[in-house]
Amino acid sequence: MATDSNRLGDTTATETATRLVHRSVNNANSAVSSGEVTNHAEKHAEDLIQWKRHVERIKSKVLDQIQVQLSDLLDKALTESVQTFTQNGNHGNNHVTTTNNNDNSHRTHTEKDGKVFMDRRSILDDLFEINHIRTIYHMFISVLFLFIISTLAVDYIDQGRLVLEFDLLSYAFGKLHIVALAWLLMFSYTLAVPYYALALWGTLYHRSPVQGVLSVGAGLVLSALQAAVLGVLPIYVVFHYQLPPASRFIIILEQIRFLMKSYSFIRENVPVILKHKTKEGEGPRGEGPRGEVPRFPTFSSYLYFLFAPTLIYRECYPRNPHIRWNYVGVTFAKILGCLFYGYFILVRLCIPVFMNDSNTPFSTRTLVLALFHATLPGMLLLLLAFFAFLHCWLNAFAEMLRFADRMFYKDWWNSTSFANYYRTWNVVVHDWLYYYGYRDFLWLSRRKFRTAAMLSVFAVSALVHEYVFTLGFGFFYPVMFCLFAFFGVAFNFTLNDKRKSPVWNIMMWTCLFIGQGVMVCLYCQEWYAQIHCPRTGDSFWELVTPRSWSCSN
């Protein structure tokens with residue numbers, strides 16, 4: 001019995017120990033398994049996070065591509081809808097006039113033929129309806145008030161009185177009566193001579209047995225008149241009457257505007273006259289005996305074009321139903337505010353610095369310090385010029401003329417490439433350069449030299465900008481030409497449309513800040529160097545060598 005009980009006790013103990021061992025092994029295995037599961041879960045979570053990031057990157061790229069394609073599709077749909085509306089309008093008028101389809105075919109412009117105008121608002125007008133954007137606009141106004149307060153405070157401390165003297169503005173815009181007379185002469189010529197010269201040539205072309213001689217002769221005569229009245233006359237007025245800077249810029253910019261407008265008018269109408277076949281019994285301007293629609297543009301359409309805020313001629317443009325005179329008044333008030341804003345920037349941030357720097361010898365240290373000091377005022381002046389002219393001035397005239405297409409610029413501030421910046425900064429001038437420079441060059445070269453066409457456009461733009469600044473300031477200092485012809489071309493090919501990251505937008509703004517600083521710095525230094533160290537001779541090298549390089553008085 002004792003033996004059996006001992007055996008039973010041993011068996012029970014053995015079984016208990018065995019159970020404990022198995023339980024320990026199971027616990028160890030379960031611990032190992034749970035550890036493996038935990039590691040696997042962590043690895044799976046990391047893979048899931050990386051996969052989500054990858055999907056987000058793909059999503060961002062796909063959305064960007066879809067946005068670009070959708071924008072192109074919407075622009076194309078709007079263009080086609082405008083063309084369809086124009087064609088329906090022409091067909092709807094067939095019961096009024098007995099015009100066949102061939103006579104009016106040139107009146108309906110497609111995107112292939114050239115720029116298509118449509119009813120569009122300016123981007124800033126839409127953005128200013130957003131409270132957040134309007135607050136940024138208010139911040140700029142508050143900075144103007146700070147300039148006024150600081151000027152009053154400094155004048156009170158220095159002179160013991162509160163006074164705002166705008167002597168710089170009165171000097172810059174001096175001799176305005178001469179400017180008005182010169183503008184009236186240029187406008188009268190542009191209004192009469194190109195129109196009637198083209199009308200006379202168009203009347204005689206198809207009747208003349210020597211069409212080539214007639215065309216060459218008319219072109220030479222008109223070119224000579226253009227060079228004399230719109231070429232030599234403004235330059236003569238600028239130098240003969242010693243006009244101040246702002247008055248000079250007005251005359252030179254109007255000279256270029258009249259040249260570009262008259263060229264567009266001739267360029268758009270000459271192909272139409274060449275394609276037109278004169279019929280027997282028609283009037284001298286293509287007006288048939290049964291009252292057919294004139295094939296030559298009306299004088300009123302040309303007069304409207306000379307004032308319209310576009311450089312591309314069309315016989316008709318989309319028009320608004322009425323004029324908002326309150327909008328016109330507010331817009332002109334903004335232009336006046338921008339003038340005073342620029343005045344305070346020059347008086348408070350530029351003149352005190354560069355007037356003193358002109359007494360120090362030219363050195364690298366002086367140049368670098370002055371350059372970075374001019375960066376902020378230079379960028380402010382660029383924004384003011386954009387807002388005052390491309391937004392306010394053009395919108396004011398568009399409103400008074402009921403001109404409906406207000407796409408004078410695009411969202412250039414969002415550009416991630418300089419190629420896009422050049423296309424969106426000034427749409428008015430870009431359209432003229434694109435259709436009459438780039439596209440015509442490709443047509444002449446049978447679309448073989450795209451790079452040469454682009455470089456020619458940059459060269460023309462650089463030369464014209466340098467011409468404006470040289471005559472406007474009264475001295476030759478090719479800063480603008482170098483920025484356009486060298487850095488502009490380099491940035492156009494390197495910072496191209498393939499750059500989509502926001503980093504490139506930062507790079508674009510950084511380059512703009514530096515470029516504006518270079519311009520303001522060098523032009524201000526040269527202005528005061530011309531005053532303190534005037535030229536001693538009239539030789540070629542004396543005229544083209546900057547005085548700031550050697551002036552130390």
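Just the heavy atoms: all of them, side chains too, but no hydrogens, waters or symmetry mates, feed the values below.
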TODO: Verify whether the ring centers belonging to F307 and F187 lie closer than 6.0 Å.
DONE: yes
- [ ] Using modelled atom types only, decide if a donor and an acceptor are shared between the side chain of N505 and the backbone of S415 within a distance under 3.5 Å.
- [x] yes
Task: Value rounded to 0.5 Å, distance of CH2 in W432 from OG1 in T310 - done: 12.5 Å
Open item on the list: Tell me if a side-chain donor or acceptor on S264 pairs with a main-chain N or O of K261 at a distance below 3.5 Å.
Closed with: no
Task: Parallel, tilted or perpendicular: rings of W412 and F386 (30°, 60°) - done: perpendicular
Open item on the list: Is the ring pair H391/F387 parallel, tilted or perpendicular, if the boundaries are 30 and 60 degrees?
Closed with: parallel
Open item on the list: For F469 and F249, take the angle between the two ring planes, folded into 0 to 90°, and tell me which bin it lands in: parallel under 30, tilted 30 to 60, perpendicular over 60.
Closed with: perpendicular
Task: Distance in Å, F340 CZ paired with L336 CG, rounded so as to fall on 0.5 Å steps - done: 4.5 Å
- [ ] Verify the ring-centre separation between Y195 and F299: is it less than 6.0 angstrom?
- [x] yes
Open item on the list: Return the NZ to CG distance between K334 and L384, rounded to the nearest 0.5 Å.
Closed with: 13.5 Å
TODO: Any chance you could measure I178, atom CD1, to H240, atom NE2, to the nearest 0.5 Å?
DONE: 8.5 Å
Open item on the list: Before we go on, tell me: are the rings of F397 and F403 under 6.0 Å apart, centre to centre?
Closed with: no
Open item on the list: Would you compute the distance between atom CD of E315 and atom OH of Y304 and round it to the nearest 0.5 angstrom?
Closed with: 13.5 Å
TODO: Indicate the ring-plane relationship of Y302 and F265, choosing parallel, tilted or perpendicular according to the 30° and 60° boundaries.
DONE: tilted
Open item on the list: Less than 3.5 Å apart, any donor N or O on the side chain of S122 or N395 sitting next to an acceptor on the other?
Closed with: yes
Open item on the list: Any side-chain to backbone donor/acceptor pair from H430 onto N426? Under 3.5 Å, distance only.
Closed with: no
Open item on the list: Assess, by modelled atom type and distance only, whether the side chains of Y313 and S301 contain a donor and an acceptor separated by less than 3.5 Å.
Closed with: yes
TODO: Ignoring hydrogens and angles, state whether a donor on the side chain of S262 or Q226 is under 3.5 Å from an acceptor on the partner side chain.
DONE: yes
Open item on the list: Ignoring hydrogens and geometry beyond distance, is a side-chain donor-acceptor pair present between W504 and S417 at under 3.5 Å?
Closed with: no
